[in-house]
Amino acid sequence: MLNAVLVYFNVFLLAQSGAIYRRWLPNTDFGNSQNWNAGRAPCGNDIVIIGEDSPIVYVQTNTTMKELVLPTTGELILGREVSLGFTSEKPDESDCPDFDGDVEFSATEPASWMDKDSWCDTTTERGACNTAWRLDVENVPCKYDDVIFPRDHGYFVDISDMVAGMAVKSLKITGSSMSTQTFATFLNETEGKLMFRSGTSSPSLTITRKQCDDKGGCACGNDQPEISKKICDHVKKNCDRPRCRKSVMPVGMCCRYCGAYFNITKGYGFDLELFKSTLSKEFLDNQKDVNNIIAVMTGDWVQLVLSDTTGENSKKLAASIRDDLNKDLADGGHKYAIKGFQLFMETIAPDVSSQPSTSSLSGGSIAAIVICIIILLIIVGVVLVVFVYRRTG
Ligand SMILES: *[C@@H]1O[C@H](CO)[C@@H](O)[C@H](O)[C@H]1NC(C)=O
Ligand SMILES: *[C@@H]1O[C@H](CO)[C@@H](O)[C@H](O)[C@H]1NC(C)=O
Ligand SMILES: *[C@@H]1O[C@H](CO)[C@@H](O)[C@H](O)[C@H]1NC(C)=O
């Protein structure tokens with residue numbers, strides 16, 4: 001009985017430590033209205049053109065047309081029990097809105113693996129997409145994620161800007177589970193080449209089959225500079241201008257934000273879920289207009305990001321959290337199990353901290369130091385002048 005409880009408890013812990021599904025969103029389906037120049041899928045007596053360089057087109061539903069022009073090399077996959085009908089009869093306007101001209105397949109450019117808009121993160125394979133605020137780099141599959149390309153769709157994926165050394169926990173493409181080796185082979189085969197465009201580079205993706213079993217949490221891995229740069233190339237085009245005079249750029253984010261972030265060093269016995277729930281209960285849940293992210297970063301430190309439109313509420317909240325972390329550090333760290341932290345506000349440079357276990361000097365004390373130095377310089381100057389005056393006089 002006790003064993004069963006322990007096993008259950010362990011499974012529960014593992015399930016909690018961040019494994020999520022990453023589902024690929026864009027498709028090259030025949031029935032997807034976004035994939036056609038007409039803004040709707042072919043119907044009625046359309047003349048349908050699937051041009052050269054088109055990806056694999058997947059047909060899921062019965063459809064009719066007058067004529068179908070296919071590329072010399074390409075692939076049209078008919079789903080189960082799907083048939084294409086050919087007719088020259090003019091259709092009902094209500095079933096098939098009129099379109100002047102040939103209906104052409106327009107999804108001829110692949111979507112990028114490194115583009116966060118290509119992915120949806122879910123807690124179950126087919127579940128709805130989560131909309132929680134995350135680090136930009138964590139919106140692309142992480143080292144501990146299960147990546148899914150669901151069955152019964154066509155895909156066209158650009159992996160040419162993927163960075164060597166990227167890894168995921170598992171990869172399932174239309175029902176087949178891939179290993180590092182079978183995926184590399186697949187990319188080299190006709191079918192794989194039509195689905196994944198790799199350009200001249202031959203990117204490699206490591207499939208680890210390893211889950212995170214550290215209760216302190218595991219780093220996603222995408223915050224490494226080379227990877228994060230590629231991800232940010234996609235995100236940066238759409239950055240909103242921050243509505244504050246001084247903004248911050250948390251690690252793993254591609255845009256500047258109004259607010260603050262912490263760099264927290266884990267202490268002995270640090271528990272990520274406990275840390276999250278304690279902070280949520282005492283601080284984050286009460287501040288509905290402040291968005292927050294808590295993420296484990298490469299190098300095994302923990303980042304807490306706080307942001308709101310003007311940054312004012314985030315900074316107030318950051319100050320309260322800073323005080324509570326300091327209090328806990330002084331009391332022996334039983335509440336948060338951290339070793340130290342730094343708080344960054346308003347600028348790229350940290351709000352100076354001499355020891356890791358104490359937080360920043362306040363603006364007031366910095367001013368005091370500056371004044372002391374100025375006074376000291378004046379005294380030295382006066383002494384020098386007097387000295388020189390004596391020697392020459
Ligand atoms: C397509 O039509 C055939 C017969 O015309 C039918 O048996 C089949 O169920 C249809 N398929 C779909 C996906 O509706
Ligand atoms: C890809 O195919 C070519 C020739 O078909 C072969 O020489 C090469 O070793 C293959 N590469 C991989 C990674 O399978
Ligand atoms: C955060 O702190 C760790 C050590 O505590 C350090 O290695 C890392 O560079 C810091 N990162 C930033 C962005 O301050």
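Ligands are counted one by one from 1 in listed order, and the atoms in each one are counted from 1 as well.
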Passes side chain to side chain donor-acceptor pair (under 3.5 Å), T108 versus D53? Steps please. CA-CA 7 Å; T108 51; D53 295 328; over 6 Å; no

Shortest protein contact, [atom] (heavy atom only):
atom	answer
atom 7 (O) of ligand 3	W301 CD1, 4.8 Å
atom 4 (C) of ligand 3	T265 OG1, 4.4 Å
atom 8 (C) of ligand 3	N263 ND2, 3.7 Å
atom 13 (C) of ligand 3	V251 CG2, 3.5 Å

Can any side-chain N or O of Y155 pair as donor or acceptor with the backbone N or O of P150 at less than 3.5 Å? yes

So is E81 polar-close to ligand 1, meaning N/O to N/O under 3.5 Å? yes

Flag N62 as yes when one of its N or O atoms lies below 3.5 Å from any N or O atom of ligand 1, and as no otherwise. yes

Under 6.0 Å between ring centres: does that hold for F262 and F344? no

Tell me yes or no: SG of C232 and SG of C254, less than 2.5 Å apart? yes

Near F344 (heavy-atom distance under 4.0 Å), the atoms of ligand 3 are 14 (O)

F149 vs W113 aromatic rings, parallel, tilted or perpendicular, using cut-offs 30° and 60°? tilted

Take atom NZ of K66 as the centre, draw a 6.0 Å sphere, and report whether it contains more than 12 heavy atoms from other residues, nucleotides or ligands. no

